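Labels below follow one simple rule: chain letters A, B, ... track the order of the sequence lines, proteins then strands, and each chain is numbered from 1. Note that the structure is a prediction, hence the values are computed from the model and not measured.
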Amino acid sequence: MTTKKYYAVFKGREIGIFTSWAACEEQIKGFSGALYKSFKTREEAEAALGLTDRALLFQVEPKEVNLWKTQNKILPANEFIINSVCVDASCIGNPGEVEYRGMHTATRKIIFHKRPMANGTNNLGEFLAIVHALAYLKNQGSHLPIYSDSETAILWVENKKVRTKLVKRDSNKEIFDLVERGLKWLENNEYTNPILKWNTAYWGEIPADFGRK
RNA sequence: ACAU
DNA sequence: TAATGT
Ligand SMILES: [Mn+2]
Ligand SMILES: [Mn+2]
């Protein structure tokens, strides 16, 4: 008897888990740069795609592992870690109404979304998005890397310090309170997730983008 | 100049 | 076109 296999497709026409070789092949045959792997159980396949909190127990292709361990924040053109979380912020006016969200890069599943906050800046939103991802992933026991397109926000997270010029007002108390909470979280928690620069020029808009530009 |  | 940031 042949054992059923589960195919995790990382790069292909469609991203996801397929339960037959035929279905998998449809996604990867003739697809340049296709990346996939078979697993014995659905759980392993889901974990490999980063859909569960045991992702690291089933780490995937050597190529991906090497990329994972790189210290470089900007990887070579057309090489990014699809088994990752990406974040982005968007605002209507700057300063203005700021929201942010995080998404699993491979599947485009939205994993968190902060509703708009009044009178914030783009950079505060980008900062909060990264910190939210760090806290979320730590709670999940996940070491997945985090992509942001914001040089400013990445720096602020690394420094555990924001250098916003925005003046505190009654109207932006919510976002400043959240920033304060984020900074406290960074002070009081360790994290293992690499924070990587999304290279928009090579790869196009970060998948978490709100599509308003 | 670079990144949003 | 204008603002947020290094
Ligand atoms: Mn952005
Ligand atoms: Mn965006």
Phosphate oxygens OP1/OP2 of [N]: is one of them under 4.0 Å from a side-chain N or O of [X]?
X: A:W156; N: C:dT6; answer: yes
X: A:T200; N: B:rU4; answer: yes
X: A:S150; N: C:dG5; answer: no

If I take atom [atom1] in residue [X] and atom [atom2] in nucleotide [N], what distance separates them, rounded to the nearest angstrom?
X: A:D88; N: B:rU4; atom1: CG; atom2: P; result: 9 Å
X: A:L155; N: B:rA3; atom1: CG; atom2: C1'; result: 11 Å
X: A:K165; N: C:dT6; atom1: NZ; atom2: P; result: 6 Å
X: A:D149; N: B:rA3; atom1: CG; atom2: C1'; result: 8 Å
X: A:N172; N: C:dA3; atom1: CG; atom2: P; result: 18 Å
X: A:E99; N: B:rU4; atom1: CD; atom2: C1'; result: 16 Å
X: A:K213; N: B:rA3; atom1: NZ; atom2: P; result: 13 Å
X: A:W203; N: B:rA3; atom1: CH2; atom2: C1'; result: 14 Å

[X] side-chain proximity, nearest of [options]:
X: A:N122; options: B:rA3, C:dT4, C:dT6; result: C:dT4
X: A:K197; options: C:dA3, C:dT6, B:rU4; result: B:rU4
X: A:N123; options: C:dA3, B:rA3, C:dG5; result: C:dG5

Using the six-membered ring wherever Trp is involved, compare the ring planes of A:H113 and A:F210 and label them parallel, tilted or perpendicular (cut-offs 30° and 60°).
->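 Geometry flag for A:F210 against A:H113: tilted rings.
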Would you sort out whether A:H132 and A:L178 count as a side chain to side chain contact (heavy atoms under 4.5 Å, CB included), showing the intermediate values?
-> CA-CA 10 Å; A:H132 194 124; A:L178 205 51; over 6 Å; no
Before giving the answer on salt bridge (charged side-chain N to carboxylate O under 4.0 Å, His left out), spell out for A:R212 and A:E99 the whole-Å C-alpha distance, their side-chain angles and the decisive distance to 0.1 Å.
-> CA-CA 12 Å; A:R212 289 171 177 162; A:E99 64 188 307; 2.5 Å; yes
Counting only N and O atoms by type, is there a donor-acceptor contact under 3.5 Å from the side chain of A:R101 to the main-chain atoms of A:D209?
->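 Indeed, once roles are kept as given, a pair shorter than 3.5 Å links the two residues.
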Shortest non-hydrogen separation from A:I175 to A:A118 and the atoms involved |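 Here A:I175 and A:A118 meet closest at CG2-O, 4.3 Å.
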